[in-house]
Amino acid sequence: MTIVGALAVAGTTSCNDYDYDKELNSVEIDGKILIKNTAGQSFSTRINGDDITVLVNPLLDADSVLKHAYPVFYLPMGATCAPDPAEMQDFTKEVKYTITSGNGKRQRTYTFSGYGPSDFVPEGEGFTTAQLLAEKVVSELGYPMDGLAASQTETSPNGGLIYWPAYCGKKLVGFSRSYAWGIDNGVSIAPNPSLAIKIFDPETLIEDKTATLNLGSLTVDKIVNICNDVKGHLIACTGGENGAQSDVYYWTAIDATPIHLGTLPEPVYTNSHNADCSKFIQVAGDITTKALISYSPKFTATGDHIVVPVNGGVMDTDYTTISTYHDVMVSGYFQMIAFYDADLITGSYAVGYNEGGIPKVGYCRATGGELYTSTINLNAVPFTAVAGGADKWWAGDGKSHGKGGARRPFVSAMTINGKQYMLALSGYDWRQKAKFTSADFKEFDTESILNHDFIRAELAFDSTTTGGGAMAYGYGGCACWTYDEETREANLAIWYSLEGLATFRLTCYE
């Protein structure tokens with residue numbers, strides 16, 4: 001048997017292993033066929049009789065990667081192939097190879113008829129490719145910011161839109177509580193419902209001015225925050241200042257009437273002022289079947305978080321309190337948890353808090369199991385991980401927040417193709433940083449597009465009025481994501497606080 005390709009033609013078996021008469025009469029290609037290009041990339045194939053399809057990751061430009069390539073495959077002993085497999089071919093077009101048996105008595109023609117999407121990697125191996133879809137600074141999103149400056153004298157919310165992006169099906173909804181409620185924090189911003197909710201195409205972040213979110217009986221001045229579940233159902237938590245009753249609604253589509261899920265056991269927003277971004281809900285699972293709603297309504301010394309199960313699309317009357325045993329007041333008035341799935345008994349969750357101005361993040365089991373032990377520097381390049389202390393947390397250098405009630409660090413717990421990941425958003429001075437790692441902190445690709453600053457824009461800031469950076473007047477970033485089990489595709493949106501919004505697609509192809 002012979003391997004044929006641009007790099008080698010060599011016998012692979014001993015003489016005693018062959019039935020020569022049978023082998024010399026064979027024209028069957030044996031085993032897998034690979035396509036390799038000049039960049040060193042390899043592509044598998046799908047064989048159906050004499051027809052062969054090249055399999056390419058859909059995020060790659062097949063017309064480019066297959067333009068100059070060659071096949072590698074095995075031939076029967078003595079068989080020949082025409083044209084010469086060592087010659088480069090354009091596999092975006094039909095390519096035929098004719099195999100002639102070693103005794104010259106038989107021929108067979110194989111046709112490379114085109115290309116298609118590659119297979120998925122096995123369940124449990126996570127995603128393979130991350131693609132940046134779009135990124136825009138705040139002013140490009142249609143908000144009336146004066147550049148991106150953060151001077152207290154301006155009539156803009158100082159970069160503090162108090163903002164949440166959330167998916168609703170194929171749309172991305174942006175909610176600004178600064179414009180929904182109005183804000184009085186350094187400057188007064190009047191409520192503006194037309195700016196409170198915007199709808200974008202997540203592929204381009206171009207605002208869809210033809211689409212309108214059906215609020216039903218809701219009004220934007222009562223919405224505390226929006227988020228979405230893993231399936232892309234939009235979710236809103238209502239309430240208001242001074243501990244008003246908090247109800248949860250969800251949408252199955254942008255134009256659908258919001259469905260009332262139920263009333264939370266305690267109000268989400270308990271402050272007497274309107275400039276706090278630390279109070280919000282997060283949802284894990286599918287809100288229409290099985291989900292968990294988590295939030296931290298009060299600043300407690302034990303770091304208490306309420307977790308409310310949803311079963312069959314109905315909010316349970318019973319709820320659970322999970323404590324991190326880290327003082328929220330010491331933690332800079334912020335702490336959050338985010339579940340990886342909707343199982344309260346056997347599930348796990350990510351924790352974000354800060355201590356002494358240093359953002360910290362952790363991972364633990366819902367049943368109180370052991371937390372992973374690791375300490376990291378969020379700003380280190382390359383990423384470094386070191387065994388931590390008894391508290392089982394990892395920490396990163398950087399500015400935890402510039403305002404009381406800022407979201408830093410915000411954590412998002414993601415399960416993609418059977419593997420758990422954590423996205424942490426933390427900043428330093430006037431930059432917001434995103435860090436993406438496996439939940440056990442063992443895998444961290446510093447070159448990944450998900451681990452970077454939002455640095456496309458040169459940001460303006462006034463060091464005199466802001467104390468060194470615009471981020472001092474921001475409320476921190478946040479993120480939302482969806483996952484389709486059938487296509488094994490995740491969509492991710494990251495709000496980088498003062499700086500802007502970016503969207504990504506994560507796929508699981510070989």
Side-chain angles (χ1 to χ4, degrees), residues 1-129 131 417 486-489 505 507-510:
M1 188 149 307
T2 306
I3 182 172
V4 180
L7 300 180
V9 178
T12 59
T13 350
S14 71
C15 296
N16 294 330
D17 292 334
Y18 281 102
D19 179 336
Y20 281 99
D21 290 336
K22 179 180 179 181
E23 192 68 24
L24 290 173
N25 196 45
S26 175
V27 289
E28 301 289 332
I29 292 179
D30 183 74
K32 288 186 176 182
I33 300 175
L34 293 178
I35 299 297
K36 293 189 175 183
N37 64 15
T38 53
Q41 295 170 301
S42 296
F43 305 95
S44 59
T45 59
R46 184 178 295 118
I47 305 173
N48 183 17
D50 296 340
D51 186 77
I52 303 170
T53 302
V54 184
L55 305 179
V56 182
N57 187 319
L59 293 186
L60 296 176
D61 181 0
D63 289 337
S64 174
V65 298
L66 297 180
K67 196 74 173 177
H68 302 285
Y70 60 89
V72 176
F73 50 83
Y74 290 90
L75 287 178
M77 180 67 73
T80 58
C81 178
D84 184 351
E87 296 176 0
M88 293 292 175
Q89 300 285 348
D90 181 356
F91 283 92
T92 64
K93 301 176 181 178
E94 184 178 272
V95 180
K96 294 179 180 289
Y97 288 94
T98 298
I99 309 301
T100 301
S101 64
N103 58 16
K105 294 180 179 180
R106 296 185 63 200
Q107 283 190 335
R108 183 173 181 177
T109 298
Y110 291 88
T111 301
F112 289 82
S113 57
Y115 57 86
S118 58
D119 295 327
F120 295 123
V121 296
E123 179 81 10
E125 292 191 7
F127 73 95
T128 55
T129 308
Q131 176 190 20
N417 193 29
E486 183 176 344
T487 63
R488 300 199 197 182
E489 181 177 286
R505 177 166 296 135
T507 56
C508 306
Y509 293 100
E510 291 180 338

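- Checked by atom type and distance alone, the side chain of Thr53 never pairs as donor or acceptor with a backbone atom of Gly116 at under 3.5 Å.
- Under the 30°/60° scheme for interplanar angles, the aromatic rings of Phe73 and Tyr97 are found to stand perpendicular.
- Looking at every heavy atom in both residues, Cys81 comes nearest to Leu75 through CB-CD1, 4.1 Å.
- For the residue pair Glu510 and Ser118, the shortest heavy atom distance occurs at O-OG, 3.3 Å.
- Here the straight-line distance linking atom OG1 of Thr38 with atom NE2 of His68 works out to 7.0 Å at 0.5 Å rounding.
- A donor-acceptor pair under 3.5 Å is formed between the side chain of Arg488 and the backbone N or O of Val121.
- Considering OG of Ser113 and CG of Asp51, their distance stands at 3.5 Å, rounded to 0.5 Å.
- Here Lys67 contributes atom NZ and Lys93 contributes atom NZ; the two are 5.0 Å apart, rounded to the nearest 0.5 Å.
- Between Ser26 and Ala79, the shortest heavy-atom distance links the atoms O-CB, 4.5 Å.
- Two residues are said to be in side-chain contact when any heavy atoms from C-beta on lie closer than 4.5 Å; Asn417 and Glu123 meet this criterion.
- No side-chain donor-acceptor contact under 3.5 Å links Glu489 and Thr507.
- Put simply, NZ on Lys96 and CD1 on Ile52 are 10.5 Å apart, with the number rounded to the nearest 0.5 Å.
- Shown are Val95, Asn37, Val56; of these, the side-chain contact (heavy atoms from CB on, under 4.5 Å) with Leu66 is made only by Val56.
- Side-chain contact, Asp63 with Thr92: no donor N or O sits under 3.5 Å from an acceptor N or O.
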Report task. Test Ile33 against Tyr110 for side chain to side chain contact (heavy atoms under 4.5 Å, CB included), laying out the working first. Result -> CA-CA 11 Å; Ile33 300 175; Tyr110 291 88; 5.6 Å; no
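- In terms of modelled atom types and a separation under 3.5 Å, the side chain of Thr128 and the main chain of Tyr509 share a donor-acceptor contact.
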**Report entry** Verdict with reasoning, Leu55 to Phe43, per side chain to side chain contact (heavy atoms under 4.5 Å, CB included)
**Finding:** CA-CA 6 Å; Leu55 305 179; Phe43 305 95; 6.0 Å; no
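- The minimum heavy-atom distance between Pro85 and Pro71, with the atom names listed, is O-CD, 3.5 Å.
- Considering CZ of Arg106 and OG1 of Thr100, their distance stands at 11.0 Å, rounded to 0.5 Å.
- Within 6.0 Å of the CG atom in Asn48, the count of heavy atoms belonging to other residues, nucleotides or ligands does not exceed 12.
- Neither side chain, Tyr70 nor Asp84, offers a donor N or O lying under 3.5 Å from an acceptor on the other.
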Report task. Tell me, with the steps shown, if Asp119 and Ser44 meet side chain to side chain donor-acceptor pair (under 3.5 Å). Result -> CA-CA 9 Å; Asp119 295 327; Ser44 59; 5.4 Å; no
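- Residues Tyr115 and Ile35 have side chains not in contact (no heavy-atom distance under 4.5 Å, counting atoms from C-beta outward).
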